[in-house]
**Q** 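One structure, pasted below without further comment.
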Amino acid sequence: MGKNLVIVESPAKAKTIEKFLGKEYRVLSSYGHIRDLKRKDFSIDIENDFKPIYEIPSDKKKVVSELKAAAKEADTVWLASDEDREGEAIAWHLYDVLGLEKKDTKRIVFHEITKSAIQEAIKNPRDIDKNLVDAQQARRVLDRIVGFELSPVLWRKIKPALSAGRVQSVAVRLIVEREREIQQFKPEASYRIVALFSKEENGKVYEIKAEYNKRLKTKEEALSLLDKLKSADFTVEDITVKPVKKSPAPPFTTSTLQQEASRKLGYSVAQTMMIAQRLYESGKITYMRTDSVNLSSLAIQGAKNEIVDLYGDEYSKTRQYSTKSKGAQEAHEAIRPTYLNEREINGTSQEKRLYDLIWKRTIASQMTDAELEKTTATIGVSNVEGKFVATGEVIKFDGFLRVYREGTDDEEAENESAILPPVKQGERLLMTETTATERYTQRPPRYTEASLVRKMEELGIGRPSTYAPTISTIQQRGYVEKRNVEGEERTYAVITLKNGKIKDALKKEMAGADKNKLVPTDIGMVVNDFLVDYFPDIVDYNFTAEVEKDFDKIAEGKMQWNKSIANFYKTFHPTVEKTVNMRTEHKTGERILGVDPKTGRRVSVKIGRYGALAQIGTADEEDKPLFAPLQKSQSIETITLEEALKLFELPRNLGEFRGKEMVVGIGRFGPYVRYDNKFVSLPKDADPLEITAEEAVALIEAKEKEEKEKIIKTFSEEPGLQILKGRYGPYIAFEKENYKIPKELNPTELSLEDCRKIIAEADKNKTKSEKKGRRTSAKK
DNA sequence: CAGTGAGCGAGCTTCCGCTTGACTT
């Protein structure tokens, strides 16, 4: 029985450490914070110096009672939570909640999980740093004040159940402002001129691709240049050779791992974190929520061994990286393989691929620079001033590139690392073909989940543990959607000079299309505009950085935490009051589109209780206004009067089929045809305003056929019970509930008796799980 | 689960950061 109790934050960590410390030490985990402000209450006593009112959340009661019991048995309790603001607060809450005494309590920290680091930590205990704890309390209280005072303003002024916060509202703002930049973007065309030259040497023909060093604004200029090139001579005027060095990227942090996994493996931010969690729990990698690029000396040595072993001495270069990102707290190491000599692991293919990425990135970070040679050849033209420039890149020594190359977000990044053929200064070249292509400037890119994380990290907003949850929150609130955006077809000119003839052609391309990008909804835009108008300080990109300055002062003992909060509250709270009591009408993003030609009433769009809507007429008129919801692809900001009026043509009656009416409408799940009280969804490309009765009949018949094929078996004595084929295999449908059929049973051979047994069995289990109340509440 | 929205009402919604689980269909 150990006389010492060590408490860490994570159970996986506890397991490893226990091995290092031996029998005298028992190691348990707190599973993160054990105490917090009450979930539903404001829980801050404004009158009483902003005193926080803490409680132990229900899901932490068990852990706390276990820790209490263990602490009672121990002579010394070692609080070994992380060495950052949150970790220090966890230590303090533990101290308080477990009723520990100072003489029996020691606070220790370690930066890496190695035997020596932990033994060293045990030798150097300290007291809890109350200043750092206060900095955390300030952070916590500020976030609660902002979130719980701002959100109700939105409920009153815009729509219920909305939310605002220091982090999420800025994330939404980034996405909204980017979308507006895109809307306002006007692409500019210019002509890019590329020539192909050839030369012959020792019977071999070489081809050289070179670009004209100016872009031409107009088609006339391009045509006139090409015309001159017909009779021009081309000479190599200059060749420069420049050595270029490339250094490897630092080891992974949470943010960079999310970005690379997204770029290279196509994982969502949440997916990456789930897979990394499994790798961490099985001891394959170090902790996955970190902002540090630091590697332990053990890891550096391990990497070196691998590199020397696999590639040789000349590839090894040990490097120490330092963190540059704002507000980094560096309580952990970088994300790296626990054992660098484990080149591959067992696991799912996802786990293998993510591990491989981490292994390569870590190894590469300890390798030598790549040495490249960049060659530039300038080709002069006899009758024009401009030059053609050809570049080539040769890898002289691959260094870290042998293992790993960092991905880029630039979709148009060209693979131009071609080798330049051997040309000499003064040499004459033959031009075989020149093409002038009309190119447009690129609009700013929409954010992906991963690029949003990078931006947030850059601004110091959010933490490694919250990047993924924040992205899911802003989607859940309906501020942002991850979706595809259709592009527009546009034409561009391609002029070719070949064999002395100029050909002029028009080509088509899709521009502006996007896949899986973050796009703001109408609600997102309206909420953002509201916050920017009335609470510009809170959604300022520098707000977090500013308050962090205060938190730093508190941590250094130079400022009292409740003074800092009082100072903020003094101006914030009156602004909240003022905004709530504002006389002005709901700030719901209303936009007036014009007048309905049929009735002469006003047509407008705005956010309603259930989302964006179009409206004919106003409330003060004698006739009540008419309403119609906007379609998913439409936006308050861009919808036209014609498009809005069309929405009122639905639901549309298509006539009868087998004596029953067919009605087309748009519902919560998109456009549909209703027939015989059944709904048939329209295919993506069908327009509910255009669809004909024949097309609708075809859809209905297809659906009926599908329904029929779904039925595996029915019983005449119990028509309400059916055995059906579903997405997840065969199941029994009975009284609006579905029941899974055990795999070992053949669904076609089941008797009514068997089915009743399965149902009775499932109902018995259900009453147990329903006690938790999760299912029922989630359904609503 | 495909009707909603313009005025009495009941009661609810919400923040950020630490950590892992245990549910189905």
Side-chain angles (χ1 to χ4, degrees), chain A residues 8-13 29-37 39-43 59-60 63 81-82 84-87 89-90 93 136 139-155 159-169 277 280-281 287 289 329 331 461-467 469-470 473 477 544 586 588 606-615 617-621 624-629 651 663 665-674 677-681 726-729 731 737-740 762 765-766 769-770 772 774-775 778-780:
Chain A
V8 296
E9 291 183 39
S10 141
K13 207 170 172 181
S29 154
S30 76
Y31 294 82
H33 277 294
I34 53 143
R35 200 164 64 162
D36 190 15
L37 299 175
R39 203 169 64 84
K40 302 233 161 196
D41 269 29
F42 192 61
S43 292
D59 58 327
K60 286 291 162 61
V63 190
S81 45
D82 297 343
D84 58 11
R85 206 157 64 198
E86 300 297 326
I90 290 174
H93 280 296
Q136 192 274 347
R139 199 278 305 155
R140 182 69 190 91
V141 166
L142 177 87
D143 282 337
R144 174 55 65 90
I145 292 175
V146 171
F148 275 41
E149 292 214 354
L150 229 40
S151 300
V153 179
L154 299 179
W155 307 341
K159 190 169 107 84
L162 295 174
S163 68
R166 174 178 58 84
V167 172
Q168 59 168 282
S169 296
Q277 175 90 30
Y280 168 67
E281 280 170 13
Y287 197 58
R289 289 186 277 264
Q329 308 210 3
I461 297 165
R463 306 276 314 129
S465 67
T466 60
Y467 294 138
T470 302
T473 300
R477 299 276 174 273
T544 292
H586 291 209
T588 48
K606 68 173 187 187
I607 296 289
R609 207 175 307 165
Y610 307 102
L613 61 84
Q615 170 178 349
T618 54
D620 50 339
E621 291 169 32
K624 280 204 165 185
L626 300 169
F627 300 100
V663 177
I666 296 174
R668 219 150 78 78
F669 312 120
Y672 64 88
V673 182
R674 195 178 65 218
N677 279 330
K678 283 195 190 105
F679 292 90
V680 184
S681 293
R727 250 199 312 163
Y728 306 106
Y731 66 97
E737 293 275 353
N738 297 334
Y739 302 88
K740 205 157 84 184
N765 291 333
K766 189 174 292 155
S769 63
E770 221 152 25
K772 292 190 174 167
R774 187 179 275 180
R775 241 183 84 103
K779 253 187 174 172
K780 265 255 155 187

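The figures here come from the full heavy-atom set of this structure, side chains too, leaving out hydrogens, waters and symmetry mates. Note on naming: letters A, B, ... go to the chains in the order of the sequence lines (proteins, then strands), and numbering restarts at 1 for each one.
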**Q** Can you name the side-chain contact (heavy atoms from CB on, under 4.5 Å) partners of A:V141, sequence neighbours left out?
**A** A:I44, A:P52, A:I145, A:W561, A:I565
**Q** Identify the pairs formed between an N or O of the protein and an N or O of nucleotides 17-20 of chain B at a distance under 3.5 Å, and give each distance.
**A**
| from | atom 1 | to | atom 2 | distance (Å) |
| --- | --- | --- | --- | --- |
| B:dG17 | OP1 | A:R166 | NH2 | 2.8 |
| B:dG17 | OP2 | A:T466 | OG1 | 3.0 |
| B:dG17 | O4' | A:R139 | NH2 | 3.2 |
| B:dC18 | OP1 | A:R463 | NE | 3.2 |
| B:dC18 | OP2 | A:S465 | OG | 2.8 |
| B:dC18 | O3' | A:E9 | OE1 | 3.3 |
| B:dC18 | O2 | A:H33 | N | 2.6 |
| B:dT19 | OP1 | A:Y287 | OH | 2.4 |
| B:dT19 | OP2 | A:Y287 | OH | 2.7 |
| B:dT19 | OP2 | A:R289 | NE | 2.9 |
| B:dT19 | O5' | A:Y287 | OH | 3.3 |
| B:dT19 | O4' | A:G32 | N | 3.4 |
| B:dT20 | OP1 | A:S10 | OG | 2.8 |
| B:dT20 | OP2 | A:Q277 | NE2 | 3.4 |
| B:dT20 | OP2 | A:R289 | NH2 | 2.7 |

**Q** Nearest 0.5 Å please: distance from the CZ atom of A:F148 over to the CG atom of A:D143.
**A** 11.0 Å
**Q** Between atom CZ in A:R39 and atom P in B:dC12, what is the gap in whole Å?
**A** 12 Å
**Q** Between which residue ranges does DNA chain B form stems of three or more consecutive Watson-Crick or G-U wobble pairs, both distances under 3.5 Å?
**A** none
**Q** Under 4.0 angstrom, heavy atoms only, what part of the nucleic acid is A:P625 near: base, sugar-phosphate, or nothing?
**A** nothing
**Q** Touch check for A:L162, heavy atoms < 4.0 angstrom, all strands: base, sugar-phosphate only, or nothing?
**A** sugar-phosphate
**Q** Could you give the CZ-to-C1' distance, from A:R674 to B:dG3, as a whole number of Å?
**A** 9 Å
**Q** Please list, chain by chain and in numerical order, all residues satisfying side-chain hydrogen bond (donor to acceptor under 3.5 Å, both in side chains) with A:T544, sequence neighbours excluded.
**A** A:R166
**Q** Using the test side-chain hydrogen bond (donor to acceptor under 3.5 Å, both in side chains), find all partners of A:K13 that sit at least two apart in sequence or belong to another chain.
**A** A:D82
**Q** With A:E281, which residues qualify under side-chain contact (heavy atoms from CB on, under 4.5 Å), at least two apart?
**A** A:Q277
**Q** In whole Å, what is the span from the CZ atom of A:F627 to the P atom of B:dA6?
**A** 7 Å
**Q** In whole angstrom, give the distance that lies between atom CG of A:D41 and atom P of B:dC15.
**A** 15 Å
**Q** Name all residues meeting the salt bridge (charged side-chain N to carboxylate O under 4.0 Å, His left out) criterion together with A:R144; count only those two or more places apart in sequence or in a different chain, and write none if there are none.
**A** none
**Q** It should be established whether A:K624 places a side-chain nitrogen or oxygen under 4.0 Å from OP1 or OP2 of nucleotide B:dG7.
**A** yes
**Q** Partners of A:Q136 by side-chain hydrogen bond (donor to acceptor under 3.5 Å, both in side chains), sequence neighbours excluded?
**A** A:E86
**Q** Just how far, in rounded Å, is P of B:dA6 from NZ of A:K606?
**A** 8 Å
**Q** Nearest 0.5 Å, please: how far is CG in A:L162 from OG in A:S151?
**A** 8.5 Å
**Q** Could you check how far CH2 of A:W155 sits from P of B:dC12, rounded to whole Å?
**A** 11 Å
**Q** Who pairs with A:Q168 by side-chain hydrogen bond (donor to acceptor under 3.5 Å, both in side chains), at least two apart in sequence or on another chain?
**A** A:S163
**Q** Tell me whether A:F148 and B:dT14 count as stacked here, given that the ring centres must be under 5.5 Å apart and the planes must differ by less than 30 degrees.
**A** yes
**Q** Just to be sure I understand the rule, does A:Q168 reach a base, reach only the sugar-phosphate, or reach nothing, if contact means heavy atoms closer than 4.0 Å?
**A** sugar-phosphate
**Q** If you assign each of A:T473 and A:F679 to its closest nucleotide in DNA chain B, which residue comes earlier from the 5' end?
**A** A:F679
**Q** Determine the contact category for A:P629: base if any of its heavy atoms lies under 4.0 Å from a base atom, sugar-phosphate if only primed atoms, P, OP1 or OP2 are that close, otherwise nothing.
**A** base
**Q** Report the C-alpha distance between A:Y31 and A:S10 in whole Å, list the side-chain angles of each, state the deciding distance to 0.1 Å, and finish with yes or no for side-chain hydrogen bond (donor to acceptor under 3.5 Å, both in side chains).
**A** CA-CA 5 Å; A:Y31 294 82; A:S10 141; over 6 Å; no
**Q** If I take atom CD in residue A:Q615 and atom C1' in nucleotide B:dG7, what distance separates them, rounded to the nearest angstrom?
**A** 14 Å
**Q** For B:dC15, does either OP1 or OP2 sit under 4.0 Å from a side-chain N or O belonging to A:S163?
**A** yes
**Q** Once you apply a heavy-atom cut-off of 4.0 Å, does A:A89 come out as touching a base, just sugar-phosphate, or nothing?
**A** nothing
